Protein chains: 2
Amino acid sequence: MTRAPLTGESVLDAALTLFAERGYHGTALSEIAGALDVRTPSLYNHMRSKHDLLRTLVERTVTGVLADFRTAVDGRTDPIDRLHHATLVYARRHATHRREAIVVNRDTGSLDEPHRSAMQDLRRAHEHGLREIITDGVRTGRFAVDSPALASFAIREMCVSIARWFRDDGPVGPDQVAREYTEFALTIVGVGRV
Amino acid sequence: MTRAPLTGESVLDAALTLFAERGYHGTALSEIAGALDVRTPSLYNHMRSKHDLLRTLVERTVTGVLADFRTAVDGRTDPIDRLHHATLVYARRHATHRREAIVVNRDTGSLDEPHRSAMQDLRRAHEHGLREIITDGVRTGRFAVDSPALASFAIREMCVSIARWFRDDGPVGPDQVAREYTEFALTIVGVGRV
DNA sequence: CCAGCTAGCTAACGCTCATTCGTCTGGCGA
DNA sequence: TCGCCAGACGAATGAGCGTTAGCTAGCTGG
């Protein structure tokens with residue numbers, strides 16, 4: 001029984017699992033090493049620092065979310081269509097990338113500057129993108145909602161929460177959850193069931 | 001310029017603020033002491049341990065949530081009425097007790113046993129209470145929703161998220177936010193605007 | 001005016017953590 | 001077969017943590 005080879009990716013993956021479970025500050029490098037059946041100093045052959053692990057994980061996830069969003073809404077003009085696809089990919093991602101979502105939401109604030117601000121700017125870009133879809137829809141009369149900001153927050157955080165309860169071996173799959181949550185989102189902005 | 005007297009409550013309050021900002025593991029007792037303009041060991045005249053601070057904060061909040069829920073639904077039988085009031089107090093609490101909500105959601109898992117399990121049981125009691133209202137409403141035909149569990153999660157986490165963006169000096173107050181989110185919740189379960 | 005208690009302080013302890021250094025080994029190319 | 005090199009390791013370092021002990025200033029009640 002030989003162990004899997006130690007690589008930069010395997011270290012990142014173990015860190016991702018443990019950060020999601022116990023938080024960045026609650027996880028010791030010795031625990032990451034233990035999960036890989038290796039002594040702690042060996043990790044340094046495949047990473048720069050503990051902080052760099054977190055930085056890499058957050059950066060990958062946040063840029064991925066933004067890329068997902070852009071490909072989902074690019075080329076679409078109808079606010080209903082744009083919100084539908086934006087929510088679909090966002091909700092789906094939180095079912096398929098649970099650990100990443102938990103770490104980004106809990107531990108982005110633990111990054112040192114200037115990384116923290118850079119990551120928060122990227123997150124805000126997605127936030128504003130979603131909100132603009134809603135304000136657009138309200139302006140053109142497709143949506144009926146009192147405060148676009150409130151609705152946008154509600155929809156976003158509803159999706160984020162999927163990461164907290166979704167189980168791979170549960171009764172519903174990522175696609176079904178994404179569809180149902182997208183329905184919730186559309187009802188929130190006043191669009192009837194599709 | 002004399003400083004405020006050090007009490008058990010003032011220590012808890014400073015801990016609450018810092019735990020909410022940086023997380024339990026990300027906060028040092030020296031920082032709590034610094035916020036109170038006191039040296040670290042002085043804290044021990046007013047607390048048992050750092051862990052005990054977290055335990056007290058979580059316990060107070062979780063029992064408060066459950067008490068709120070019970071007084072909100074007790075005596076009401078109509079599922080719409082019950083869900084309306086349960087969501088109202090739950091949403092409102094997350095606007096008025098932001099720090100508590102953030103700490104409970106992020107750091108309950110950092111409690112040692114048996115406290116962690118005890119607190120999680122209390123949280124689950126609220127979760128099941130809310131879900132039962134929805135299953136009740138579905139059974140009696142007042143609600144139209146595919147999965148009560150999914151709807152219940154979506155509503156709960158939507159409310160929890162209020163704690164993450166609400167600002168006391170913002171344009172909307174706790175009552176208005178609670179009312180709008182309660183509307184969202186009712187539309188999610190298929191009840192038209194009231 | 002003094003005894004005694006409350007509650008702050010300095011100092012120190014033991015522990016854990018992230019990180020570094022130098023050594024050693026096992027596999028690969030020549 | 002021999003030399004080389006990547007990479008895992010033991011040992012050590014220094015910083016920071018939570019916590020304890022013992023001292024002391026200042027207020028309180030007699």
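Just so it is clear, the values below take in all heavy atoms, side chains as well, and ignore hydrogens, waters and symmetry mates. Numbers restart at 1 for each chain; the letters A, B, ... are given by sequence-line order, proteins then strands. Keep in mind the model is a prediction, meaning the values are calculated, not measured.
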From CG of L36(A) across to C1' of dG7(D) the rounded distance in Å is 15 Å
Do L186(B) and F184(A) belong together in a cluster built from hydrophobic side chains that touch within less than 4.5 Å?
yes
Atom CG of L43(B) and atom P of dT6(C) are separated, to the nearest Å, by 19 Å
Which pairs of donor and acceptor atoms, one on a side chain in residues 12-30 of chain A, lie under 3.5 Å apart (sequence neighbours left out)?
residue : atom : partner : partner atom : Å
D13(A)  : OD1  : R99(A)  : NH1          : 3.4
D13(A)  : OD1  : R99(A)  : NH2          : 3.2
T17(A)  : OG1  : D13(A)  : O            : 3.2
T17(A)  : OG1  : R99(A)  : NH1          : 2.6
R22(A)  : NH1  : E31(A)  : OE2          : 2.4
Y24(A)  : OH   : H51(A)  : N            : 3.3
T27(A)  : OG1  : L18(A)  : O            : 3.2
T27(A)  : OG1  : G23(A)  : O            : 2.7

Worksheet item: Does S42(A) make a side-chain N or O approach to OP1 or OP2 of dG7(D) shorter than 4.0 Å?
Response: no
Per atom distances to the V38(B) side chain, the nearest of dC9(D), dG7(D), dC9(C) is dC9(C)
Output for pair (E127(A) CD, L66(A) CG), nearest 0.5 Å, gives 12.0 Å
To the nearest angstrom, the CG-C1' distance between D37(A) and dG7(D) comes to 16 Å
### Message
Between the side chains of E113(A) and R116(A), is the shortest nitrogen-to-carboxylate-oxygen separation below 4.0 Å, so that they form an ion pair?
### Response
yes
- Message: For the backbone of I80(B) and the side chain of R142(B), can you confirm whether one donor and one acceptor N or O come within less than 3.5 Å of each other?
- Response: no
Review item, nucleotides 18-23 of chain D N/O atoms under 3.5 Å of protein N/O:
residue : atom : partner : partner atom : Å
dG18(D) : OP1  : L29(B)  : N            : 3.3
dG18(D) : OP1  : K50(B)  : NZ           : 3.0
dG18(D) : OP2  : L29(B)  : N            : 2.9
dT19(D) : OP2  : Y44(B)  : OH           : 2.6
dT19(D) : OP2  : K50(B)  : N            : 3.0
dT19(D) : O5'  : Y44(B)  : OH           : 2.9

Whole-Å distance, R22(B) CZ to dC17(D) C1', equals 15 Å
Rounded to whole Å, CG of L6(A) lies from P of dG7(D) at a distance of 9 Å
Ignoring backbone atoms, test whether H25(A) places a side-chain nitrogen or oxygen under 4.0 Å from the OP1 or OP2 oxygen of dC17(C). no
Separation of dT6(C) atom P from H46(B) atom NE2, nearest Å, is 12 Å
ring-ring contact (aromatic ring centres under 6.0 Å, His included) filter on F69(B), not counting sequence neighbours, yields H126(B)
From CZ of R39(A) across to C1' of dG10(D) the rounded distance in Å is 10 Å
